[in-house]
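What follows is a set of notes on a single structure, which appears directly below.
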Amino acid sequence: MQTESRLHRYAVAAASVPLATLATTQSVVADIVYESTEGLTIGSFGAIPDYTVLSIGDYGAIQLAAGHNSAGPEYLFRAVAVSDSKGGERPIGMMVDVSSGSSKVLELQRFAAGDLIGSAGSLNKSGIGVSGKDEVFVEGPFAEGGSGYLGFAIEMEGVGEDAYRYGWIGVAWDPSTFELTIDGFAYETDAGVGIAAGAIPAPGALGLFGLAAGAAGIRRKRHV
(Lines give C-alpha, C1' and ligand atoms only; values in the text may rest on other atoms or scores of the structure.)
Protein backbone atom coordinates (compact mmCIF):
# COMPACT_ATOMS: atom_id res chain seq x y z
CA MET A 1 0.00 0.00 0.00
CA GLN A 2 2.88 2.32 0.85
CA THR A 3 4.55 1.57 -2.50
CA GLU A 4 1.32 2.19 -4.46
CA SER A 5 0.91 5.56 -2.72
CA ARG A 6 4.49 6.54 -3.57
CA LEU A 7 4.03 5.57 -7.23
CA HIS A 8 0.88 7.69 -7.40
CA ARG A 9 2.96 10.65 -6.21
CA TYR A 10 5.53 9.92 -8.94
CA ALA A 11 2.82 9.93 -11.61
CA VAL A 12 1.29 13.20 -10.43
CA ALA A 13 4.65 14.93 -10.11
CA ALA A 14 6.01 13.69 -13.43
CA ALA A 15 3.15 15.40 -15.24
CA SER A 16 4.27 18.81 -13.96
CA VAL A 17 8.08 18.51 -13.86
CA PRO A 18 10.20 18.69 -17.06
CA LEU A 19 11.84 15.36 -17.95
CA ALA A 20 15.20 17.05 -18.45
CA THR A 21 15.46 18.06 -14.78
CA LEU A 22 19.10 17.66 -13.74
CA ALA A 23 20.56 18.43 -10.33
CA THR A 24 24.19 19.43 -9.95
CA THR A 25 24.54 18.59 -6.27
CA GLN A 26 23.17 15.95 -3.95
CA SER A 27 19.53 16.52 -2.99
CA VAL A 28 17.51 15.02 -0.15
CA VAL A 29 13.76 15.65 -0.47
CA ALA A 30 10.63 13.52 -0.10
CA ASP A 31 12.47 10.36 1.04
CA ILE A 32 14.73 10.14 -2.03
CA VAL A 33 18.47 10.85 -2.15
CA TYR A 34 19.58 11.87 -5.65
CA GLU A 35 23.03 12.71 -7.00
CA SER A 36 23.92 13.84 -10.51
CA THR A 37 27.16 12.76 -12.19
CA GLU A 38 26.75 15.48 -14.85
CA GLY A 39 27.01 13.19 -17.85
CA LEU A 40 30.20 11.39 -16.81
CA THR A 41 31.42 9.19 -19.70
CA ILE A 42 33.83 6.25 -19.46
CA GLY A 43 35.08 3.73 -22.03
CA SER A 44 36.78 3.84 -25.43
CA PHE A 45 38.74 1.71 -27.92
CA GLY A 46 41.64 1.41 -25.44
CA ALA A 47 43.36 -1.80 -24.36
CA ILE A 48 41.61 -1.94 -20.97
CA PRO A 49 38.23 -0.70 -19.74
CA ASP A 50 37.78 2.62 -17.96
CA TYR A 51 35.99 2.60 -14.67
CA THR A 52 34.40 4.90 -12.13
CA VAL A 53 33.06 4.34 -8.62
CA LEU A 54 29.76 5.73 -7.34
CA SER A 55 29.64 6.18 -3.56
CA ILE A 56 26.14 5.28 -2.35
CA GLY A 57 25.91 7.33 0.84
CA ASP A 58 27.62 5.57 3.74
CA TYR A 59 26.41 2.14 2.59
CA GLY A 60 29.09 1.19 0.08
CA ALA A 61 29.78 1.79 -3.61
CA ILE A 62 29.08 0.58 -7.13
CA GLN A 63 31.90 0.31 -9.65
CA LEU A 64 31.01 0.75 -13.33
CA ALA A 65 33.48 -0.34 -16.02
CA ALA A 66 33.23 0.05 -19.80
CA GLY A 67 35.30 -0.16 -22.96
CA HIS A 68 37.60 -2.59 -24.75
CA ASN A 69 39.25 -5.33 -22.75
CA SER A 70 42.45 -7.03 -23.93
CA ALA A 71 41.91 -9.88 -21.48
CA GLY A 72 38.50 -10.67 -23.04
CA PRO A 73 35.69 -10.34 -23.76
CA GLU A 74 36.79 -7.76 -26.31
CA TYR A 75 34.35 -5.13 -25.06
CA LEU A 76 31.91 -4.81 -22.20
CA PHE A 77 30.18 -2.73 -19.63
CA ARG A 78 29.51 -4.10 -16.18
CA ALA A 79 28.54 -3.07 -12.66
CA VAL A 80 30.02 -4.45 -9.43
CA ALA A 81 28.60 -3.67 -5.99
CA VAL A 82 31.12 -3.05 -3.20
CA SER A 83 30.21 -3.26 0.48
CA ASP A 84 31.23 -0.69 3.07
CA SER A 85 34.86 -1.44 3.97
CA LYS A 86 34.30 0.01 7.43
CA GLY A 87 31.85 -2.76 8.21
CA GLY A 88 28.98 -0.37 8.93
CA GLU A 89 26.04 -1.26 6.73
CA ARG A 90 25.36 -4.47 4.85
CA PRO A 91 26.33 -4.98 1.18
CA ILE A 92 24.69 -3.44 -1.86
CA GLY A 93 23.36 -5.79 -4.53
CA MET A 94 22.69 -5.23 -8.25
CA MET A 95 19.38 -6.24 -9.85
CA VAL A 96 20.12 -9.05 -12.31
CA ASP A 97 18.19 -11.23 -14.75
CA VAL A 98 18.41 -14.77 -13.34
CA SER A 99 17.07 -16.19 -16.63
CA SER A 100 20.21 -15.01 -18.45
CA GLY A 101 22.36 -17.80 -17.04
CA SER A 102 24.07 -18.65 -20.35
CA SER A 103 27.07 -16.63 -19.17
CA LYS A 104 29.17 -17.06 -16.04
CA VAL A 105 28.22 -13.49 -15.15
CA LEU A 106 24.51 -12.67 -14.93
CA GLU A 107 23.04 -9.86 -17.02
CA LEU A 108 21.89 -6.67 -15.31
CA GLN A 109 18.21 -5.86 -15.44
CA ARG A 110 17.41 -2.93 -17.73
CA PHE A 111 14.61 -0.66 -16.50
CA ALA A 112 12.73 2.03 -18.41
CA ALA A 113 11.74 5.39 -16.92
CA GLY A 114 8.92 4.91 -14.44
CA ASP A 115 9.42 1.15 -13.96
CA LEU A 116 9.15 0.07 -10.34
CA ILE A 117 12.35 -1.11 -8.69
CA GLY A 118 11.15 -2.78 -5.54
CA SER A 119 12.05 -6.45 -5.28
CA ALA A 120 15.23 -7.96 -3.89
CA GLY A 121 14.52 -11.41 -5.33
CA SER A 122 17.15 -11.13 -8.09
CA LEU A 123 20.27 -9.61 -6.53
CA ASN A 124 23.91 -10.31 -7.30
CA LYS A 125 27.24 -8.67 -6.52
CA SER A 126 27.84 -7.99 -10.23
CA GLY A 127 26.28 -8.14 -13.67
CA ILE A 128 26.96 -7.23 -17.29
CA GLY A 129 25.12 -4.70 -19.42
CA VAL A 130 27.02 -5.69 -22.57
CA SER A 131 29.60 -8.33 -23.42
CA GLY A 132 30.88 -8.91 -26.93
CA LYS A 133 33.57 -9.93 -29.38
CA ASP A 134 34.10 -7.74 -32.45
CA GLU A 135 32.04 -8.93 -35.42
CA VAL A 136 31.29 -12.26 -33.73
CA PHE A 137 28.73 -11.91 -30.96
CA VAL A 138 27.21 -9.48 -28.50
CA GLU A 139 24.93 -10.13 -25.55
CA GLY A 140 23.38 -8.25 -22.68
CA PRO A 141 20.37 -5.98 -22.13
CA PHE A 142 22.17 -2.98 -23.70
CA ALA A 143 23.49 -4.88 -26.74
CA GLU A 144 21.65 -2.53 -29.12
CA GLY A 145 22.77 0.58 -27.24
CA GLY A 146 20.65 3.42 -25.89
CA SER A 147 19.68 4.64 -22.45
CA GLY A 148 18.09 2.94 -19.47
CA TYR A 149 18.34 2.38 -15.74
CA LEU A 150 20.12 -0.16 -13.55
CA GLY A 151 18.55 -1.18 -10.27
CA PHE A 152 20.23 -1.82 -6.93
CA ALA A 153 19.23 -2.62 -3.35
CA ILE A 154 20.84 -1.79 -0.02
CA GLU A 155 20.35 -4.49 2.61
CA MET A 156 19.25 -3.14 5.98
CA GLU A 157 18.27 -4.81 9.24
CA GLY A 158 14.99 -6.64 8.87
CA VAL A 159 13.32 -9.58 7.12
CA GLY A 160 12.22 -10.08 3.51
CA GLU A 161 11.46 -7.19 1.16
CA ASP A 162 11.21 -4.76 4.11
CA ALA A 163 14.96 -5.19 4.70
CA TYR A 164 16.03 -3.30 1.57
CA ARG A 165 16.28 0.25 0.30
CA TYR A 166 15.99 0.46 -3.49
CA GLY A 167 17.72 2.66 -6.03
CA TRP A 168 18.55 3.29 -9.70
CA ILE A 169 21.50 4.40 -11.85
CA GLY A 170 20.87 6.20 -15.15
CA VAL A 171 23.15 5.03 -17.98
CA ALA A 172 23.46 5.12 -21.78
CA TRP A 173 25.65 2.77 -23.87
CA ASP A 174 27.08 3.74 -27.26
CA PRO A 175 27.96 0.52 -29.16
CA SER A 176 29.87 2.44 -31.85
CA THR A 177 32.41 3.97 -29.44
CA PHE A 178 32.19 1.51 -26.50
CA GLU A 179 31.39 4.44 -24.19
CA LEU A 180 29.09 4.39 -21.19
CA THR A 181 27.55 7.65 -19.97
CA ILE A 182 26.36 7.81 -16.36
CA ASP A 183 23.84 10.56 -15.66
CA GLY A 184 23.13 10.10 -11.97
CA PHE A 185 21.66 7.80 -9.33
CA ALA A 186 19.06 7.87 -6.57
CA TYR A 187 17.77 5.68 -3.76
CA GLU A 188 14.88 5.55 -1.30
CA THR A 189 15.56 6.36 2.34
CA ASP A 190 12.63 4.20 3.49
CA ALA A 191 13.30 0.45 3.66
CA GLY A 192 10.75 -1.72 1.90
CA VAL A 193 9.50 1.10 -0.36
CA GLY A 194 10.03 0.73 -4.11
CA ILE A 195 11.38 3.55 -6.27
CA ALA A 196 10.37 4.39 -9.82
CA ALA A 197 13.33 4.30 -12.23
CA GLY A 198 14.34 7.91 -12.82
CA ALA A 199 12.44 9.35 -9.81
CA ILE A 200 14.24 12.34 -8.26
CA PRO A 201 13.36 15.03 -5.72
CA ALA A 202 12.26 18.34 -7.19
CA PRO A 203 11.12 21.61 -5.49
CA GLY A 204 7.78 20.92 -3.88
CA ALA A 205 7.26 17.54 -5.58
CA LEU A 206 8.90 14.49 -7.08
CA GLY A 207 10.18 14.61 -10.63
CA LEU A 208 11.13 11.99 -13.17
CA PHE A 209 14.64 12.20 -14.56
CA GLY A 210 14.75 11.74 -18.35
CA LEU A 211 17.73 10.23 -20.17
CA ALA A 212 18.32 11.30 -23.78
CA ALA A 213 18.88 8.45 -26.25
CA GLY A 214 22.53 8.16 -27.14
CA ALA A 215 23.46 10.25 -24.08
CA ALA A 216 23.03 13.57 -25.92
CA GLY A 217 23.72 16.75 -24.01
CA ILE A 218 26.48 17.33 -21.49
CA ARG A 219 29.14 14.63 -21.69
CA ARG A 220 32.35 14.65 -19.72
CA LYS A 221 35.06 12.12 -20.51
CA ARG A 222 37.11 10.74 -17.65
CA HIS A 223 39.83 8.08 -17.93
CA VAL A 224 40.90 6.37 -14.74
Would you say [X]'s side chain and [Y]'s backbone share a donor-acceptor pair under 3.5 angstrom?
X	Y	answer
S55	G57	no
R110	P141	yes
T189	D31	yes
T181	V171	no

With F77 via ring-ring contact (aromatic ring centres under 6.0 Å, His included) - residues at least two apart: F142, W173
If you apply the rule side chain to side chain contact (heavy atoms under 4.5 Å, CB included), what do you find for V82 with I92, and how did you get there? CA-CA 7 Å; V82 182; I92 297 171; over 6 Å; no
For [X] and [Y], work out which heavy atoms get closest and say how close.
X	Y	value
A186	A199	CB-O, 3.8 Å
S126	V96	O-CG1, 3.7 Å
W168	A196	CD1-O, 3.6 Å
A112	A197	O-CB, 3.3 Å
A79	L64	CB-CD2, 3.5 Å
G194	Y166	CA-CD1, 4.1 Å

Measuring from atom [atom1] of [X] to atom [atom2] of [Y], what distance do you get when rounded to the nearest 0.5 angstrom?
X	Y	atom1	atom2	result
Y187	R165	OH	CZ	7.5 Å
I56	I169	CD1	CD1	5.5 Å
I182	E38	CD1	CD	13.0 Å
N124	D97	CG	CG	11.5 Å
F152	L123	CZ	CG	11.5 Å
F185	E35	CZ	CD	4.0 Å

Using the ring centroid of each side chain, check whether F178 and F45 are separated by less than 6.0 Å. yes
Criterion side chain to side chain contact (heavy atoms under 4.5 Å, CB included) on I32 and I200, from CA distance to verdict: CA-CA 7 Å; I32 289 179; I200 62 173; 5.6 Å; no
Applying side chain to side chain contact (heavy atoms under 4.5 Å, CB included), run through K133 and Y75 and close with a yes or a no. CA-CA 7 Å; K133 182 175 176 62; Y75 60 87; 5.9 Å; no
Applying side chain to side chain contact (heavy atoms under 4.5 Å, CB included), can you list everything that pairs with N69, at least two apart in sequence or on another chain? P49, A71, P73, L76
With side chain to side chain contact (heavy atoms under 4.5 Å, CB included) as the test, pick out the partner of L108 among M94, M95, R78. M94
Report yes if some heavy atom in the side chain of [X] is under 4.5 Å from a heavy atom in the side chain of [Y]; otherwise report no.
X	Y	result
Q109	S122	yes
L116	F111	no
T52	L40	yes

Is there a path from I42 to V80 through hydrophobic residues (I, L, V, M, F, W, Y) whose side chains come within less than 4.5 Å of each other? no
